[in-house]
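What follows is a set of notes on a single structure, which appears directly below.
Chain A is the first sequence line, chain B the second, and so forth, proteins listed ahead of strands; every chain is numbered from 1.
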Amino acid sequence: MRLIEKDDEAPALCEGRHLRILSLIRRIPPGRVCTYGRIASAAGLPRRARLVGRILRDSPLADGVPWHRVVGAGGRVSRRRGSGAQEQRNRLLAEGIEFEDCDRIDLSIYLWEP
DNA sequence: AGTTTGACTAATG
DNA sequence: GCATTAGCCAAAC
């Protein structure tokens with residue numbers, strides 16, 4: 001039996017975590033949103049909200065996931081590089097989501113929980 | 001190998 | 001409300 005000499009299994013574990021998070025995001029229905037923190041908790045990773053954002057930003061596996069339906073706690077669209085935030089706003093508006101005070105989403109209406 | 005950097009969040013003043 | 005702090009930790013530098 002071959003001993004594990006290197007860390008060639010670690011990436012698979014990371015990838016599993018990524019996939020678990022991404023598959024949750026995929027389940028958010030159109031016209032609804034979820035938060036980074038809730039996605040993380042639902043994936044069994046409480047207090048790992050930053051990981052969710054980082055995956056959406058970096059992972060090549062994030063192709064095709066409705067990233068625009070993930071918002072910050074309190075229903076705010078997170079800042080980021082480029083015009084992604086505006087794009088997210090547009091997509092959410094296109095799905096019928098209304099903003100309050102021009103920048104906040106009412107989670108009591110639009111929040112989707114896994 | 002140590003430090004910095006975030007698509008985050010809850011708590012506190 | 002806004003600023004700060006602390007917790008979080010994988011990637012990038």
Side-chain angles (χ1 to χ4, degrees):
Chain A
M1 166 177 181
R2 187 174 67 85
L3 296 176
I4 299 174
E5 299 177 3
K6 304 207 170 195
D7 53 337
D8 49 2
E9 282 194 326
L13 294 176
C14 288
E15 182 172 304
R17 266 190 332 205
H18 290 205
L19 292 175
R20 205 156 64 248
I21 288 172
L22 291 171
S23 73
L24 255 73
I25 298 175
R26 263 187 261 270
R27 291 169 46 195
I28 307 176
R32 310 289 297 281
V33 298
C34 194
T35 67
Y36 297 97
R38 282 174 179 277
I39 292 291
S41 292
L45 301 163
R47 290 182 296 285
R48 302 293 307 278
R50 297 191 92 124
L51 180 61
V52 176
R54 206 173 59 70
I55 288 171
L56 287 178
R57 186 191 63 191
D58 295 337
S59 177
L61 283 54
D63 189 37
V65 311
W67 55 270
H68 57 285
R69 299 183 189 133
V70 184
V71 300
R76 288 183 174 284
V77 172
S78 299
R79 299 201 64 166
R80 71 198 68 179
R81 295 221 177 89
S83 58
Q86 185 61 53
E87 169 70 11
Q88 181 170 20
R89 241 189 90 92
N90 292 338
R91 291 191 183 213
L92 293 175
L93 286 169
E95 293 187 352
I97 290 177
E98 296 183 10
F99 285 74
E100 300 189 349
D101 304 329
C102 299
D103 64 348
R104 208 169 41 258
I105 293 169
D106 188 343
L107 293 181
S108 71
I109 299 175
Y110 298 107
L111 178 69
W112 174 84
E113 310 197 55

ask   = Looking at the side chain of A:Ala73, which of B:dA7, B:dT9, B:dG6 is the nearest nucleotide?
value =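 Out of B:dA7, B:dT9, B:dG6, the nucleotide with an atom closest to A:Ala73's side chain is B:dT9.
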query = Nearest to the side chain of A:Arg47 - B:dG6, C:dC8, B:dC8?
reply =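 Of B:dG6, C:dC8, B:dC8, C:dC8 is nearest to the side chain of A:Arg47.
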message = Looking at C:dA10, I'd like to know if its phosphate oxygens (OP1 or OP2) sit under 4.0 Å from a side-chain N or O belonging to A:Arg57.
response =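 The answer is no; no side-chain N or O of A:Arg57 sits under 4.0 Å from OP1 or OP2.
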ask   = OP1 or OP2 of C:dA10 sitting under 4.0 Å from any side-chain N/O of A:Arg48?
value =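 Yes.
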Roughly, in whole Å, what's the span from [atom1] in [X] to [atom2] in [N]?
X	N	atom1	atom2	result
A:Leu56	C:dA11	CG	P	14 Å
A:Tyr36	C:dC9	OH	P	19 Å
A:Arg79	B:dT5	CZ	C1'	16 Å
A:Asp101	C:dC2	CG	C1'	15 Å
A:Arg81	C:dA12	CZ	P	12 Å
A:Leu51	C:dC9	CG	P	9 Å
A:Leu107	B:dT9	CG	P	10 Å
A:Arg50	B:dA7	CZ	C1'	10 Å

query = Between A:Gln88 and A:Val70, is there a donor-acceptor pair closer than 3.5 Å when you use the side chain of the first and the backbone of the second?
reply =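 Side chain of A:Gln88 to backbone of A:Val70, a donor-acceptor pair under 3.5 Å: yes, one is there.
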ask   = Got a donor-acceptor contact below 3.5 angstrom from the A:Arg48 side chain to the A:Ala40 backbone?
value =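 Judged by distance alone, no pair lies under 3.5 Å.
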Under-4.0 Å salt bridge between A:Arg91 and A:Glu87 =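 So A:Arg91 pairs with A:Glu87 through a salt bridge.
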inquiry  = With a 6.0 Å cut-off (strictly less than), is the heavy-atom count around CZ of A:Arg80, excluding the residue itself, greater than 12?
reply    =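 Yes, enclosed.
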